[in-house]
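Because only heavy atoms are used, hydrogens play no part in the values below, and waters and symmetry mates are left out as well, while side chains stay in.
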Amino acid sequence: MEDDAVLIEFKVRDPKKEQNLEDTLRNALEQIEVKGYAAGIRQRGIEDGRIQRCGVVFEGKKVLIG
């Protein structure tokens, strides 16, 4: 049996840096890659294709998940 993993990055929209929640989501997903969050999971033997990446971003009561 193969294991799966989920990486979740939570971010609050910064209006100085992002025009909308879609920008914030893009930044959250990019941060997962740039900071190499999956490396520790791969070291545990979980293949990259089995690692799901998810961003959860907020602006007040608005939420976008992707």
S.K.: Return each pair, listed once, that meets side-chain hydrogen bond (donor to acceptor under 3.5 Å, both in side chains) where at least one residue sits in residues 51-63; pairs must be two or more places apart or across chains.
M.R.: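 Residue pairs passing side-chain hydrogen bond (donor to acceptor under 3.5 Å, both in side chains), neighbours aside: Arg13-Glu59, Glu33-Arg53, Asp48-Arg53.
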S.K.: Measuring from atom CD of Glu18 to atom CG of Asn27, what distance do you get when rounded to the nearest 0.5 angstrom?
M.R.: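 Between Glu18 CD and Asn27 CG, I get 4.5 Å after rounding to 0.5 Å.
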S.K.: Which residues pass the side-chain contact (heavy atoms from CB on, under 4.5 Å) test with Leu25, not counting sequence neighbours?
M.R.: Leu29, Val57, Leu64
S.K.: Which pair of heavy atoms, one from Arg50 and one from Asp3, lies closest together, and at what distance?
M.R.: NE-O, 3.1 Å
S.K.: Provide the closest heavy-atom pair for Gly55 versus Ala28 in the form atom of the first, atom of the second, distance.
M.R.: CA-CB, 4.4 Å
S.K.: Among residues at least two apart in sequence or on other chains, which ones pass side-chain hydrogen bond (donor to acceptor under 3.5 Å, both in side chains) with Asp23?
M.R.: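 Once residues adjacent in sequence are excluded, the partners of Asp23 under the side-chain hydrogen bond (donor to acceptor under 3.5 Å, both in side chains) criterion are Arg26.
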S.K.: Residues in side-chain hydrogen bond (donor to acceptor under 3.5 Å, both in side chains) with Asn20, at least two apart?
M.R.: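 Listed in chain order: nothing, the list is empty.
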S.K.: So, using side-chain contact (heavy atoms from CB on, under 4.5 Å) as the criterion, who are the partners of Val63 when residues are at least two apart?
M.R.: Val56, Phe58, Ile65
S.K.: Using a cut-off of 6.0 Å, state whether more than 12 heavy atoms not belonging to Glu47 lie near its atom CD.
M.R.: no
S.K.: Going only through I, L, V, M, F, W and Y residues with side-chain contacts under 4.5 Å, is there a path from Leu7 to Val34?
M.R.: no
S.K.: If you take all heavy atoms of Ile46 and Ala5, which pair is closest and at what distance?
M.R.: CD1-CB, 4.1 Å
S.K.: Restricting to side-chain contact (heavy atoms from CB on, under 4.5 Å), what partner residues turn up for Lys35, sequence neighbours left out?
M.R.: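 Residues passing side-chain contact (heavy atoms from CB on, under 4.5 Å) with Lys35: Gln31, Tyr37.
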